[in-house]
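The chains referred to below are lettered A, B, ... by the order of the sequence lines, with proteins before strands, and numbering in each begins at 1.
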Amino acid sequence: MSSTPFTLRVINLIHSIPSGKVTTYGSIAAMAGNRRAARQVARILHSSSRKEHLPWHRVINREGRISLARQQGYEDQKELLENEGIIFDVSDKIDLNIFLWQGDQS
DNA sequence: CTCGTGACTCCCG
DNA sequence: TCGGGAGCCACGA
């Protein structure tokens with residue numbers, strides 16, 4: 001199970017995302033120690049969310065946009081986020097200045 | 001075991 | 001200002 005410390009940290013961080021907030025792959029990767037491992041974060045998230053109850057919907061890309069395609073579950077994620085109070089603008093983007101969660105702001 | 005791929009992001013020309 | 005390339009490495013087949 002426990003692969004690398006990085007993976008464990010990523011999982012832990014995702015669990016730490018407070019409701020009503022979102023974060024980006026890059027932020028998680030950076031907090032986990034490797035800011036270039038954003039892709040791995042996505043991979044881990046996708047894989048883990050299938051087995052565990054991870055708030056995967058709280059993870060979006062750097063544009064403040066959902067990376068998924070409509071057929072992939074875009075609408076589902078959007079609905080989950082709106083249910084937590086996240087606001088999407090006219091471009092379906094989330095204002096990261098308001099909703100971005102960067103750990104506990106060390 | 002090896003190989004290909006990817007819910008991404010940053011840097012440099 | 002904008003575009004393309006490179007980096008990162010876990011997971012599934």
Practice problem: Would you indicate what A:Arg50 reaches in the nucleic acid, counting non-hydrogen atoms under 4.0 angstrom: base, sugar-phosphate, or nothing? | Solution: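 Sugar-phosphate: the residue A:Arg50, judged by heavy atoms under 4.0 Å, touches backbone atoms but no base.
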Quiz item: Base, sugar-phosphate, or nothing: which does A:Thr7 touch, judged by heavy atoms less than 4.0 Å apart?
Solution: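 The residue A:Thr7 makes sugar-phosphate contact but no base contact.
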Exercise. In sequence, state the C-alpha distance, the side-chain angles, and the governing distance for A:Arg43 and A:Tyr25, and then conclude on side-chain hydrogen bond (donor to acceptor under 3.5 Å, both in side chains).
Key: CA-CA 10 Å; A:Arg43 173 65 60 168; A:Tyr25 304 102; over 6 Å; no
In whole Å, I'd like the distance from the [atom1] atom of [X] to the [atom2] atom of [N].
{"X": "A:Glu52", "N": "C:dC11", "atom1": "CD", "atom2": "P", "value": "11 Å"}
{"X": "A:Leu96", "N": "B:dT9", "atom1": "CG", "atom2": "P", "value": "10 Å"}
{"X": "A:Phe6", "N": "C:dG7", "atom1": "CZ", "atom2": "P", "value": "17 Å"}
{"X": "A:Ile66", "N": "B:dC8", "atom1": "CD1", "atom2": "P", "value": "13 Å"}
{"X": "A:Arg36", "N": "B:dC8", "atom1": "CZ", "atom2": "P", "value": "17 Å"}
{"X": "A:Gln40", "N": "C:dG7", "atom1": "CD", "atom2": "C1'", "value": "9 Å"}
{"X": "A:Asn34", "N": "B:dC8", "atom1": "CG", "atom2": "P", "value": "16 Å"}
{"X": "A:Asn61", "N": "B:dG6", "atom1": "CG", "atom2": "C1'", "value": "14 Å"}

Self-check item: Nucleotide nearest A:Arg62 when distance is taken to its side chain, options C:dG7, C:dA10, B:dC10
Solution: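 The answer is B:dC10, which lies nearest to the side chain.
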Self-check item: Selection from C:dG12, B:dC8, B:dC10 that lies nearest to any side-chain heavy atom of A:Ser47
Solution: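 Out of C:dG12, B:dC8, B:dC10, the nucleotide with an atom closest to A:Ser47's side chain is C:dG12.
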Self-check item: Position toward the 5' end of DNA chain B (nearest nucleotide), A:Arg35 or A:Tyr25
Solution: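 Of the two residues, A:Tyr25 wins.
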Self-check item: Residue mapping more 5' on DNA chain B - nearest nucleotide basis, A:Arg43 or A:Ile60
Solution: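 The answer here is A:Arg43.
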Self-check item: Flag side-chain contact, heavy atom, 4.5 Å: A:Leu96 against A:Val22
Solution: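 Side-chain contact under 4.5 Å: yes.
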Quiz prompt | side chain to side chain contact (heavy atoms under 4.5 Å, CB included) partner of A:Thr23, chosen from A:Ile28, A:Ile14, A:Val41 | solution =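 The single option meeting the side chain to side chain contact (heavy atoms under 4.5 Å, CB included) with A:Thr23 is A:Ile28.
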Practice problem: Please state whether the phosphate of B:dC8, meaning OP1 or OP2, lies under 4.0 angstrom from any side-chain nitrogen or oxygen of A:Thr24. | Solution: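 Answer is no, no contact under 4.0 Å.
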Quiz item: Is any side-chain N or O of A:Thr4 closer than 4.0 Å to OP1 or OP2 of C:dA10?
Solution: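 For C:dA10, OP1 or OP2 has a side-chain N or O of A:Thr4 closer than 4.0 Å.
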Quiz item: So, does A:Ser47 use its side chain to make a donor-acceptor pair with the main chain of A:Ile44 at under 3.5 Å?
Solution: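 No, A:Ser47 side chain to A:Ile44 backbone: no donor-acceptor pair under 3.5 Å.
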Self-check item: Check: A:Ile66 main-chain N/O paired with A:Lys93 side-chain donor or acceptor under 3.5 Å
Solution: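 A pair under 3.5 Å: no.
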Practice problem: Map A:Ala38 and A:Lys51 onto DNA chain C by nearest heavy atom, then report which one ends up closer to the 5' terminus. | Solution: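 Result of the comparison: A:Ala38.
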